[in-house]
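Chain letters run A, B, ... following the sequence lines, proteins first and then strands; every chain starts at 1.
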Amino acid sequence: MVKLSDEARKLIEKYQKTEKQKEFQFDFFVDQSKYEKWEDVVIGTEGFGERTFEVKKEDVDAYVNCTMEENPVFKDEEFAKDTPWGGLIAPPMFITPVVFWIAGTGSGSWIRTPGAINPGQKIEFYEPIRVGDVIKIRSEAYDKYLKRGKRYLTYYSEFTNQRGELVAKWWGTLILPFSKGEEEHKIEGGKK
Amino acid sequence: MMTERIKFEDIELDYELPTLTREISQEFISMFGCGSLDFNPIHMDPVWAKDVKLFGFGKTIGHGQLTIALLTQIITNWCYAEGGKLKSLDIKLIWPLFPGDTVVCGGKVVAKHPRKKELSFIDLELYADNQKKKRVAVGKAQVYLP
C-alpha cells in the first residue's frame, strides 16, 4: 500500500498544533479504498453527514497563520472591535478547513482523493464565522460530468451556524483521477 | 476610534486594488495543508508527486484553495476593516503554483451596482500570475461597500 513519505510527514508534524489537526487522519492514503468514487456518486443524494465544526480560537489562528494573513481584523481583538464587525471574525475562506473536517473519511470523502485537482470554486458568503460558532453543512451531489477526458464532480453545500443563520453556499468542484481498478484496466488494455 | 470607511460612491470603475505578492514554497504549501486540513499528497508529498507524475509535473502543486485564499486576501486587505464585505467569489484555476514560484494577485473594479442602503455592491475582476507572467487564476468577486 502507498504511504505518505517521511519527508511529507515531517513537515506536517511541524505545523500540527490544534486539537483538530492532531485528531485528523492526515495520511489520505490510509482509507483511500473507502472513499466515495466518481462513478458511484448519484446526483441529488445528500452528503457530508452530521459532523459539526466547533470553531475554536486555535482553529482560526491556524488558518490565519497558514495563509500568511496580515489583516488585523482576523487577528487583533482590540483592532477588530473598532471595525464594523465589532470583534474578530474568521477569514471568509475559513470554510475550507470546515469542509475537510466535516467530510472526514465518510460521506464526502471523495474530496480527499489523492491526486484530485481543483479547477475553481464558486461561493456565496452570508454571516461571518466567529470563535464559538458551531458550523454545520448540508450538501448534495450537484453535478458530475466528463470534459476533455477529465472527470468533474460538484457538490453544493450550505453552511449554517448554531443560530441557524446561513454562513455560505459553496458549489465545490474537483477533477477526480480515474480510480485504481480503471487505471489497471486501461493499462492492460493498452498492452494488447 | 473607528477605522476609516471605503464608500461605495467614492470608488471608481477600473480602480485597481493593491496587489499581493507571495513566494510559494513546500514549507508554505505544507503549512497551508495543516491549517486547511487538506493533506492531499499531491500537495504534501514531494516523493509521491515525483513518482506519480500526475499531468506530467512530477512535483507537488500548491492547493487551489491557497490561490483562492490569496485572491480573497487582496479584497479583505483592501476593505474588510473599512466596511466592505465579500458577497460572492467565482474563481477559475488555470495552472498550478509550484514550490519556487512567486504569485502576484490583483483585481480591479469592473461594475457598480447601486442599491438601497448597505446593499450596494461592486464587481471585481481578479487575477493571479506566476513569476513568468503566466496567468494561473482568473475570477470574479462581488463586494458590498457601505
Practice task
Would you mind checking which part of A:Pro114 comes under 4.5 Å of any heavy atom in chain B, side chain (CB onward), backbone (N, CA, C, O), both or neither?
Solution key: both
Completion exercise
Minimal heavy-atom distance between B:Cys34 and A:Tyr15, with the atoms involved, is SG-CB, 3.7 Å
Exercise for the section: Can you tell which part of A:Thr113 gets under 4.5 Å to a heavy atom of chain B, answering side chain, backbone, both or neither? Expected result: backbone
Handout entry: Nearest heavy-atom neighbours spanning A:Phe125 and B:Lys85
Key = O-NZ, 3.7 Å
Practice task
Sort A:Val2 into side chain, backbone, both or neither according to what part of it lies under 4.5 angstrom from a heavy atom of chain B.
Solution key: side chain
Practice task
Check whether any side-chain N or O of A:Glu124 sits under 3.5 Å from a backbone N or O of B:Ser88 as a donor-acceptor pair, and report yes or no.
Solution key: no
Problem - Contact origin within A:Ala116 toward chain B - heavy atom pairs under 4.5 Å - result: both
Problem - Derivation and outcome, ring pair (Phe, Tyr, Trp, His ring centres under 6.0 Å), residues A:Phe24 and B:Phe39 - result: CA-CA 10 Å; A:Phe24 199 76; B:Phe39 295 95; 5.7 Å; yes
Exercise for the section: Answer with yes or no whether the hydrophobic clustering places B:Leu71 together with B:Val104; edges join I, L, V, M, F, W, Y residues whose side-chain heavy atoms lie under 4.5 Å apart. Expected result: no
Problem - Engaged part of A:Trp171 at the chain B interface, taking heavy atoms whose separation is under 4.5 Å - result: neither
Problem - Hydrophobic cluster identity match, B:Trp95 and B:Ile42, side-chain contacts under 4.5 Å - result: yes
Handout entry: Verify same cluster id: B:Leu145, B:Leu126 (apolar side-chain graph, 4.5 Å)
Key = yes
Problem - A:Glu7, part contacting chain B, at a heavy-atom distance under 4.5 Å - result: side chain
Handout entry: Donor-acceptor under 3.5 Å (A:Lys122 side chain, B:Lys92 main chain)
Key = no
Practice task
Could you tell me which portion of B:Glu27 (side chain, backbone, both or neither) has an atom closer than 4.5 angstrom to a non-hydrogen atom of chain A?
Solution key: both
Practice task
Please list, in residue-number order, every residue in residues 135-145 of chain A that has a heavy atom less than 4.5 Å from any heavy atom of chain B; write 'none' if there are none.
Solution key: none
Problem - Main-chain N/O of B:Asp38 paired with A:Arg112 side-chain donor or acceptor, under 3.5 Å - result: no
Exercise for the section: Take atom NZ of A:Lys75 as the centre, draw a 6.0 Å sphere, and report whether it contains more than 12 heavy atoms from other residues, nucleotides or ligands. Expected result: yes
Completion exercise
Under 4.5 Å to a heavy atom of chain B? For A:Phe94 that would be neither
Practice task
Measure the shortest side-chain to side-chain distance between A:Asn118 and B:His63 over non-hydrogen atoms and say whether it is less than 4.5 angstrom.
Solution key: no
Handout entry: Min side-chain heavy-atom separation A:Pro92-B:Tyr80 under 4.5 Å
Key = yes
Handout entry: Residue A:Lys14 versus chain B: region with a heavy atom under 4.5 Å
Key = side chain
Practice task
Before giving the answer on side-chain contact (heavy atoms from CB on, under 4.5 Å), spell out for A:Thr83 and B:Glu82 the whole-Å C-alpha distance, their side-chain angles and the decisive distance to 0.1 Å.
Solution key: CA-CA 7 Å; A:Thr83 70; B:Glu82 293 81 6; over 6 Å; no
Handout entry: Where A:Trp101 and B:Leu37 come nearest, the two heavy atoms and their spacing
Key = CB-CD1, 3.7 Å
Problem - Donor-acceptor contact present, side-chain B:Asn40 to main-chain A:Gly115, <3.5 Å - result: yes
Problem - Contacting region of A:Ile95 [heavy-atom separation from chain B under 4.5 Å] - result: neither
Problem - More than 12 heavy atoms from other groups under 6.0 Å of CD on A:Gln162 - result: yes
Fill in the blank from the handout: Here the pair of heavy atoms bringing B:Gly83 nearest to A:Pro84 is CA-CG, 3.7 Å
Problem - Option in A:Glu69, A:Lys169, A:Gln16 with maximal non-hydrogen atom pairs under 4.5 Å from chain B - result: A:Glu69
Completion exercise
B:Gly35 and A:Tyr63 have their tightest heavy-atom pair at O-CD1, 3.8 Å
Exercise for the section: Let me know if B:Ile75 has heavy atoms under 4.5 Å from chain A in its side chain, its backbone, both or neither. Expected result: neither
Fill in the blank from the handout: Cut-off 4.5 Å, heavy atoms of chain B, and the answer for A:Lys150 is side chain
Practice task
Counting only heavy atoms closer than 4.5 Å, note whether B:Leu86 contacts chain A via side chain, backbone, both or neither.
Solution key: both
Problem - Max heavy-atom pair count under 4.5 Å with chain A, selected residue of B:Ala81, B:Ala49, B:Ser30 - result: B:Ala81
Exercise for the section: Would you check, one step at a time, whether the test side chain to side chain donor-acceptor pair (under 3.5 Å) holds for B:Asn77 with A:Glu70? Expected result: CA-CA 8 Å; B:Asn77 283 347; A:Glu70 288 170 346; 5.6 Å; no
Practice task
Kindly check if the number of other-residue, nucleotide or ligand heavy atoms within 6.0 Å of CD (B:Glu23) is above 12?
Solution key: no
Practice task
Kindly indicate whether the side chain of A:Ile117, heavy atoms from C-beta on, has any atom under 4.5 Å from the side chain of B:Ile61.
Solution key: yes
Practice task
Sort B:Thr76 into side chain, backbone, both or neither according to what part of it lies under 4.5 angstrom from a heavy atom of chain A.
Solution key: both
Exercise for the section: Report the option among B:Leu20, B:Val138, B:Leu54 that has the most heavy-atom pairs separated by less than 4.5 Å from atoms of chain A. Expected result: B:Leu54
Problem - Residue part contacting chain B, namely of A:Asn65, when any heavy atom lies under 4.5 Å - result: backbone
Problem - N/O donor-acceptor pair under 3.5 Å between B:Gln73 side chain and A:Thr67 backbone - result: yes
Exercise for the section: Could you check if a side-chain atom of A:Gln121 sits within less than 4.5 angstrom of a side-chain atom of B:Ile91, using non-hydrogen atoms only? Expected result: no
Exercise for the section: Determine, using the 4.5 Å side-chain heavy-atom cutoff (strictly less than), whether B:Val143 and B:Tyr127 are members of one ILVMFWY cluster. Expected result: no
Exercise for the section: Please tell me if the side chains of B:Met44 and A:Leu11 come closer than 4.5 Å, counting only heavy atoms from C-beta onward. Expected result: no
Practice task
Spell out, as yes or no, whether a donor-acceptor pair under 3.5 Å connects the side chain of B:Asp45 to the backbone of A:Leu4.
Solution key: no
Completion exercise
Honestly, the part of B:Ile94 sitting under 4.5 Å from a heavy atom of chain A is neither
Handout entry: B:Phe28-B:Val103 co-clustered via ILVMFWY side chain contacts under 4.5 Å
Key = yes
Practice task
Identify which part of A:Trp85 has an atom lying under 4.5 Å from any heavy atom of chain B, answering side chain, backbone, both or neither.
Solution key: side chain
Handout entry: More than 12 heavy atoms from other groups under 6.0 Å of CD on A:Glu58
Key = yes
